[in-house]
Amino acid sequence: MALLRKINQVLLVLLVLMVCLLLHSILLRVSTRPKLSDHRKSLGRAARVPAVRVSEADNVVPIIICASEERMGATMATINSVYSNTDASVFFYIVTLRDAVKLTRQYIEKTKLKGIKYKILEFNPMVLKGKVKPDSSRPELLHPLNFVRFYIPLLEINHKRVIYLDDDVIVQGDIKDLFNIKLKPGHAAAFATDCDLPSTHEMVRSIGMQTTYMGFLDFRKQEVKDLGIHPRDCSFNPGVFVADMSEWKTQKITKQLEKWMEENFRQNIYSSAMAGGVATPPMLIVFHDKYTTLDPLWHVRHLGWSPDARYLESFLQEAHLLHWNGPFKPWNYPAVHLDLWEKWFIPDPSGRFSLVRPESDS
């Protein structure tokens, strides 16, 4: 009996060893097999980030645009217009707040935009602490994303040159033509001056739009007087610009912009009569007489300053870029030239963003 018991014990030990060896073999195969979830993740990264590696070599046109949750459809219309009107390799850096990251990705992946190359970047609004105060008649102009343009070098991008676009813009021309503009030596950016197009002068006068520094800065303040800027100097619109990143960093543009934001926080040196927000005046100060001028057809603006003042349709057809700056946006109602914006609109697959039109009024 003792011998039989020993044999059974040996057999049991051998059985346990065999089971252990079998389990080890199975686990080894599983651990060395690529996981499906990891594969999907790597595809996701590859779909969004390759421009960082091949940006200059592949002649990529990098575009920075913001996407707020409440204006997501506007951003996607801008992207669609750019993407549809060029054969260039465009890469979109879409900057948003943390709460809107998922919505931004869904809007792209579930629509015709799923073929674009892009990367979503989160903007931390804490960088604005002590620099912005709620003193605007248009609170939407105080949205943190309005100040992303100040912090371009701090974003996770790697390009010698970038294009910045507001979300109320439609691009009708080939974006690579804008990207290839020649910047003058020592200039960190190119903007469209507000005094450039004779075709817009009548419109500007009719709606009382400011085209000089007088409409943006409080020239009664000593800090403004000390700048040596003439009140009648032409202003420019920072909603569309091409930036040279090397010059921007060399000249410490971001630090200069922050300085004037902090100065305004203390002294209230920006006029709010027409400027409304506080994102434009620092740009006007820092870039005064230090920017290259864009072809005016690459920034036809003021389409959002009146619910009924219209441009000639023939003139707008020639424009390379349209900008509905002002309170009357083309996704709301009333607004003008809705057809030129709406042709690029892509319905929100989540249903959160919808157009405001007369027939939907309650």
Side-chain angles (χ1 to χ4, degrees), residues 40 43-44 47-48 61 63-88 90-123 140 143-146 148 163-175 239-240 300-301 303-304 307 310 313 316-317 319-362:
R40 284 176 177 166
L43 284 177
R48 294 168 176 79
V61 177
I63 295 177
I64 298 171
I65 187 168
C66 296
S68 64
E69 185 172 358
E70 59 273 21
R71 290 166 56 143
M72 193 65 66
T75 299
M76 298 306 159
T78 302
I79 291 174
N80 186 30
S81 70
V82 172
Y83 182 66
S84 300
N85 287 310
T86 186
D87 58 1
V90 181
F91 194 95
F92 296 95
Y93 290 94
I94 306 171
V95 188
T96 190
L97 302 181
R98 178 168 296 180
D99 292 345
V101 169
K102 183 178 179 181
L103 180 62
T104 304
R105 184 170 288 114
Q106 287 178 342
Y107 212 130
I108 294 171
E109 298 295 349
K110 294 184 178 181
T111 64
K112 62 181 288 188
L113 294 178
K114 60 187 176 183
I116 69 170
K117 298 175 183 176
Y118 73 101
K119 182 178 182 181
I120 298 173
L121 303 175
E122 290 183 25
F123 182 68
E140 74 274 14
H143 195 289
L145 294 179
N146 276 342
V148 165
I163 294 175
Y164 174 88
L165 297 177
D166 272 354
D167 64 0
D168 51 359
V169 157
I170 289 297
V171 176
Q172 299 185 139
D174 190 332
I175 198 70
V240 174
V300 174
R301 26 204 200 288
L303 277 76
R310 304 175 66 90
E313 291 293 337
L316 294 182
Q317 293 297 331
H320 305 316
L321 184 148
L322 306 175
H323 189 182
W324 278 263
N325 58 310
F328 299 98
K329 303 300 185 186
W331 52 88
N332 288 327
Y333 189 85
V336 296
H337 304 295
L338 300 180
D339 57 321
L340 295 178
W341 182 87
E342 200 167 330
K343 68 186 290 188
W344 305 109
F345 172 65
I346 300 172
D348 182 359
S350 74
R352 295 190 202 179
F353 183 94
S354 58
L355 302 184
V356 178
R357 294 295 182 257
E359 58 270 22
S360 63
D361 290 347
S362 57

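A quick note: this is a predicted structure, and the numbers were derived from the prediction, not measured. Every heavy atom of this structure was used, including side-chain atoms; hydrogens, water molecules and symmetry mates were not. Residue numbers start at 1 and run along the sequence shown.
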Provide the closest heavy-atom pair for [X] versus [Y] in the form atom of the first, atom of the second, distance.
{"X": "T111", "Y": "P349", "value": "CG2-CD, 3.7 Å"}
{"X": "A77", "Y": "I170", "value": "O-CD1, 3.8 Å"}
{"X": "Q172", "Y": "Q317", "value": "NE2-O, 4.2 Å"}
{"X": "M72", "Y": "F353", "value": "N-CD1, 4.0 Å"}
{"X": "L145", "Y": "Y164", "value": "O-OH, 4.5 Å"}
{"X": "E109", "Y": "K114", "value": "O-CB, 3.8 Å"}

How far does [atom1] of [X] sit from [atom2] of [Y], to the nearest 0.5 angstrom?
{"X": "Y118", "Y": "Y93", "atom1": "OH", "atom2": "OH", "value": "13.5 Å"}
{"X": "M76", "Y": "I65", "atom1": "CE", "atom2": "CD1", "value": "8.5 Å"}
{"X": "I116", "Y": "S84", "atom1": "CD1", "atom2": "OG", "value": "10.5 Å"}
{"X": "L121", "Y": "T96", "atom1": "CG", "atom2": "OG1", "value": "10.0 Å"}
{"X": "F123", "Y": "N146", "atom1": "CZ", "atom2": "CG", "value": "10.0 Å"}
{"X": "R105", "Y": "I120", "atom1": "CZ", "atom2": "CD1", "value": "4.0 Å"}

Do side-chain atoms of [X] reach the backbone of [Y] as a donor and acceptor pair under 3.5 angstrom?
{"X": "E122", "Y": "R98", "answer": "no"}
{"X": "R357", "Y": "N332", "answer": "yes"}
{"X": "T78", "Y": "D167", "answer": "yes"}
{"X": "K329", "Y": "W324", "answer": "yes"}
{"X": "Y107", "Y": "L113", "answer": "no"}

Are the side chains of [Y] and [X] in contact, using a 4.5 Å heavy-atom criterion?
{"X": "L322", "Y": "L340", "result": "yes"}
{"X": "R71", "Y": "D168", "result": "yes"}
{"X": "N80", "Y": "K112", "result": "yes"}
{"X": "I94", "Y": "I79", "result": "yes"}
{"X": "E70", "Y": "H143", "result": "yes"}
{"X": "H320", "Y": "D174", "result": "no"}
{"X": "L303", "Y": "H323", "result": "no"}

Checklist entry - Run the side-chain contact (heavy atoms from CB on, under 4.5 Å) check on L165 and L321 step by step: do they pass? => result CA-CA 10 Å; L165 297 177; L321 184 148; 4.0 Å; yes
Next on the checklist: Show, in sequence, the C-alpha distance, side-chain angles and deciding distance for L338 and Y333, and conclude whether the side-chain contact (heavy atoms from CB on, under 4.5 Å) test is met.
Outcome noted: CA-CA 9 Å; L338 300 180; Y333 189 85; 4.2 Å; yes
Checklist entry - Can a donor-acceptor pair be found between the side chains of Y83 and N85 at a distance below 3.5 Å? => result no
Checklist entry - Taking the six-membered ring for Trp, are F345 and W341 parallel (under 30°), tilted (30 to 60°) or perpendicular (over 60°)? => result parallel
